[in-house]
Amino acid sequence: MRENKYVRDSLRFFFGAFVLVLLYSCANMATPNGGPYDEAPPKFVSSDPLPNQLNFKKNRVEILFDELVQLDQPSENVIVTPPQRLQPVIQANGRRVIVEFQDTMLENETYTIDFTTALADNNEKNVLENFTFAFSTGETLDSLAISGILLNAENLEPMPGITIGVHTNLEDSAFTSLPFTRTSRTNDKGEFTIRNMAPGTYRVYALEDVMRTYRYSQPGQAIAFYDSLVVPTFELATRQDTLWKDTLTIDTIRTVGYTRFMPDDIELRLFKEDVVRQYMLRPERNDERVLSLRFNAPLDSVPIPVPLNFTPVDSVWYYPQTTEEGKTALYWLTDSLVWQQDTLRMEVDYMKSDSLNILRPQRDTVQFIARRRPVEKKKKRKDDEPEPIEFLGMTLNATGSINLYDTISVIFSEPVIEIDGEMFRLEQMVDSVWNPADFEFFPDSINSLKFCLKRPWGYGEEFRLSIDSAAIFSVYGKWNEGFEGNFKIKREDEYGHLYINIIGADSTAFVELLNSNDVPVRKVRMKDGGALFMDLKPDKYYARLVLDANGNDKWDTGDYAGKRQPEMVFYCPKMFNIMQNWQVEETWDIHAAPFNRQKPLEITKNKPKEQTKKKRDYRNEGRQQSSSTSNSFRSLGF
């Protein structure tokens with residue numbers, strides 16, 4: 001008996017020890033992490049030809065790196081110059097990058113292959129940024145360079161992926177008739193560098209070259225041109241290089257010599273010429289009573305339709321309306337015998353751009369086919385229940401609290417007839433009594449279904465607007481419901497005010513106040529050296545200044561044929577925080593900050609891409625794998 005107990009105790013001991021060992025090993029099991037991440041980009045090892053080799057006559061370039069590499073969209077991201085009529089075949093093969101030229105190699109020419117951000121290692125995707133490879137087919141290698149920045153002329157946005165090109169032919173016609181001599185492309189910050197240029201005099205251009213013609217061939221392309229001639233030069237210079245022990249501790253600061261290529265401060269402003277081809281889009285008839293003619297550009301007048309397959313009873317058989325700032329002409333049919341036809345054909349005369357973009361009279365036959373909606377089933381009514389009235393749709397903004405600078409508007413669902421201001425009654429509360437108030441009544445300049453009521457409002461004033469029922473009729477016989485709405489003008493202490501002292505501009509300029517979406521919300525012309533914005537809603541604002549050379553109160557684009565640059569635009573780097581009952585005064589020197597640092601990052605849409613790789617958590621990596629393994633063992637019952 002005692003022996004059996006001894007055996008049982010021994011078995012329990014060994015089993016307990018075994019379980020402890022097993023649990024300990026489970027808790028500490030971890031897959032080796034393989035050491036630190038590879039955070040270094042590929043390194044150049046060798047090539048054929050050698051870098052900067054002379055008299056190279058082959059059409060194939062091979063570059064060897066120290067690890068497996070890959071290319072990201074080489075046809076888009078790798079820039080070969082001089083420009084190639086037939087695009088080279090560029091591919092990665094293991095540790096090699098191979099470039100095969102399809103065009104005949106030019107004599108005595110320096111070739112540059114700029115990989116921009118396309119080249120990376122195969123595992124961790126570490127990018128070898130700005131790696132370039134050059135060789136020459138002649139006795140000399142051109143080595144000069146120029147650099148600069150390209151911004152959108154209207155809003156100073158950095159413009160990535162735009163072709164930058166140069167011409168040694170200094171005639172203006174070279175930009176439109178000849179391919180660039182050498183090219184580059186802007187990075188995500190709008191920066192560019194054209195390398196391996198020969199000594200000489202150049203003109204510099206930017207081109208949104210989607211078709212890769214390397215010349216300005218379409219009026220709709222965005223372009224930029226530099227006013228001055230450029231002569232590439234260089235000088236020996238020094239700069240301070242900092243070596244770090246770690247991310248916080250400086251090891252050494254040393255002075256390093258380098259070659260500075262100039263000019264390196266070229267500023268180009270991208271724009272599209274104000275050339276819009278005018279033509280008609282597809283006719284539409286989404287409602288049987290409304291015909292729609294859409295155009296790609298605003299018309300000066302609504303085309304007059306001539307019936308072809310129908311004869312209206314009355315001479316006035318439609319009411320015209322324009323929408324979308326004059327790009328769409330609507331015809332509201334008033335003759336029921338006309339709109340009940342499934343297909344209507346008409347003849348219209350309008351102005352259309354020809355192949356030379358000259359407006360010429362055009363006559364087209366258009367056809368409108370009705371898209372009838374299913375008839376909704378009406379609810380059964382009792383014998384003594386009257387037919388429901390379908391009123392004229394009418395939308396007003398004359399309720400609640402409105403701003404001091406707002407205009408009261410009324411928008412109808414259908415064209416109305418014989419409308420005037422006498423149909424509206426505006427009253428102001430004075431000493432607890434409603435008194436008649438004068439106002440100006442006028443149709444909207446863009447939407448013919450919209451009408452406006454305007455008067456100079458005062459802080460805190462209270463008004464009442466009313467319209468009698470059946471005072472206004474549509475062309476289809478519908479009438480309005482009665483309306484009465486009270487509204488109040490906001491108090492002065494609900495607003496803030498902003499005054500900006502401006503250095504570097506005069507009264508020919510105007511200033512736009514922008515919201516956080518870079519959209520103008522207010523515009524004033526400079527006066528006495530500044531811009532005053534009264535009665536602002538509490539919010540965050542930004543400012544843009546336009547040097548309005550022709551005084552037309554709008555930004556004007558450029559014209560290459562006329563050698564006219566787009567009007568200059570400046571952004572204030574500050575943000576203005578306007579609060580209730582506050583008066584803010586700021587000073588802005590429009591030339592204090594360079595162009596590429598003026599626009600606040602908060603409202604910049606083309607933000608630079610984040611290049612910093614996420615660092616690996618070496619310390620916790622094994623622990624996380626260990627925890628995962630332990631959980632797996634527990635799920636198996638250990």
Side-chain angles (χ1 to χ4, degrees), residues 290 319-326 330 332 334 386 388-497 513 515 519-524 533-539 580-581:
V290 184
Y319 274 80
Q321 179 199 358
T322 58
T323 61
E324 298 180 354
E325 300 182 349
L330 300 180
W332 294 79
T334 58
I389 299 174
E390 186 178 357
F391 290 100
L392 171 65
M394 185 175 64
T395 304
L396 293 99
N397 62 342
T399 56
S401 178
I402 71 171
N403 288 298
L404 188 71
Y405 44 81
D406 284 344
T407 298
I408 301 299
S409 64
V410 53
I411 303 175
F412 297 100
S413 60
E414 300 173 354
V416 296
I417 55 177
E418 298 179 357
I419 185 172
D420 57 42
E422 295 181 0
M423 299 175 179
F424 298 82
R425 185 167 55 255
L426 183 65
E427 299 170 289
Q428 181 180 359
M429 175 70 76
V430 180
D431 297 330
S432 302
V433 178
W434 289 110
N435 296 310
D438 296 330
F439 61 90
E440 181 185 358
F441 182 81
F442 56 92
D444 185 77
S445 60
I446 297 176
N447 186 356
S448 58
L449 299 184
K450 181 179 179 180
F451 297 85
C452 302
L453 292 81
K454 187 177 181 181
R455 67 166 279 133
W457 313 113
Y459 296 114
E461 293 179 338
E462 188 174 353
F463 293 88
R464 179 172 68 187
L465 179 66
S466 56
I467 307 171
D468 292 334
S469 177
I472 304 170
F473 285 81
S474 78
V475 295
Y476 301 114
K478 297 179 184 179
W479 62 85
N480 68 292
E481 286 187 279
F483 172 85
E484 183 175 294
N486 291 22
F487 61 95
K488 190 173 183 179
I489 311 303
K490 290 183 178 180
R491 304 184 312 274
E492 183 176 10
D493 59 8
E494 294 183 76
Y495 294 105
H497 312 291
L513 212 58
N515 63 18
V519 176
V521 296
R522 196 81 69 84
K523 180 172 69 174
V524 299
F533 295 94
M534 296 288 292
D535 306 315
L536 296 173
K537 292 188 294 184
D539 206 343
Q580 287 187 355
N581 205 27

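Note that these values count all heavy atoms, side chains included, but never hydrogens, waters or copies made by symmetry. Keep in mind the model is a prediction, meaning the values are calculated, not measured. Start at 1 with the first residue, then count along the sequence.
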Interatomic spacing from NZ in Lys454 to CG in Asp406 - rounded to 0.5 Å: 11.0 Å
Measuring from Leu513:CG to Phe533:CZ, what's the distance to the nearest 0.5 Å? 4.5 Å
If you count heavy atoms of other groups shown closer than 6.0 angstrom to CH2 of Trp479, is the number above 12? no
Could you walk me through whether Thr334 and Trp332 satisfy the side chain to side chain contact (heavy atoms under 4.5 Å, CB included) test, starting with their C-alpha distance in whole Å, then the side-chain angles of each, then the deciding distance to 0.1 Å, before giving a yes or no? CA-CA 6 Å; Thr334 58; Trp332 294 79; 5.6 Å; no
Heavy-atom distance under 4.5 Å between the side chains of Glu481 and Ile389, does that happen here? no
So, do Phe424 and Phe441 have ring centers that fall under 6.0 Å from each other? yes
Might you work through the side chain to side chain contact (heavy atoms under 4.5 Å, CB included) test for Asn403 and Lys537, ending with a clear yes or no? CA-CA 9 Å; Asn403 288 298; Lys537 292 188 294 184; 3.8 Å; yes
So does Val433 get a backbone contact from the side chain of Asp431, meaning a donor-acceptor N/O pair under 3.5 Å? no
Quick check for you: to the nearest 0.5 Å, what is the distance between Glu484 atom CD and Glu427 atom CD? 8.0 Å
Checking Asn480 side chain against Ser469 main chain: does a donor-acceptor pair fall under 3.5 Å? no
Expected output: side-chain Asp468 to main-chain Ala471 donor-acceptor under 3.5 Å: no
Hey, are Lys478 and Glu390 close enough for a salt bridge, meaning a charged N less than 4.0 Å from a carboxylate O? yes
Are the ring centres of Phe463 and Trp457 closer than 6.0 Å? yes
Euclidean distance, Thr395 OG1 relative to Phe483 CZ, rounded to 0.5 Å: 10.0 Å
A quick test of your reading: do over 12 heavy atoms of other residues, nucleotides or ligands sit less than 6.0 Å from CG of Asn435? yes
Are any side-chain N or O atoms of Asn515 and backbone N or O atoms of Val519, one a donor and one an acceptor, separated by less than 3.5 Å? yes
So, does Ser413 use its side chain to make a donor-acceptor pair with the main chain of Gly393 at under 3.5 Å? yes
Atom pair CE (Met429) and CG (Asn486), whose distance is rounded to the nearest 0.5 Å: 7.5 Å
Trp434 side, atom CH2; Ser466 side, atom OG - distance, nearest 0.5 Å: 10.0 Å
Side chains of Ile402 and Ile408: does their closest heavy-atom pair fall under 4.5 Å? yes
Check whether any side-chain N or O of Asn581 sits under 3.5 Å from a backbone N or O of Glu494 as a donor-acceptor pair, and report yes or no. no
Answer yes or no: is there a donor N or O on one side and an acceptor on the other, between the side chain of His497 and the main chain of Asp535, under 3.5 Å? yes
Between Arg491 (side chain) and Glu461 (backbone), is there a donor-acceptor pair under 3.5 Å? no
So, do Leu465 and Leu396 sit near enough that their side-chain heavy atoms are less than 4.5 Å apart? yes
Determine, step by step, whether Leu392 and Glu414 satisfy the side chain to side chain contact (heavy atoms under 4.5 Å, CB included) criterion, reporting the C-alpha distance in whole Å, the side-chain angles of both residues, the deciding distance to 0.1 Å, and the verdict. CA-CA 7 Å; Leu392 171 65; Glu414 300 173 354; 4.2 Å; yes
Within a reach of under 6.0 Å around NZ of Lys488, are more than 12 heavy atoms found that belong to other residues, nucleotides or ligands? no
Run Tyr495 and Leu536 through side chain to side chain contact (heavy atoms under 4.5 Å, CB included) and show every step you take. CA-CA 5 Å; Tyr495 294 105; Leu536 296 173; 5.8 Å; no
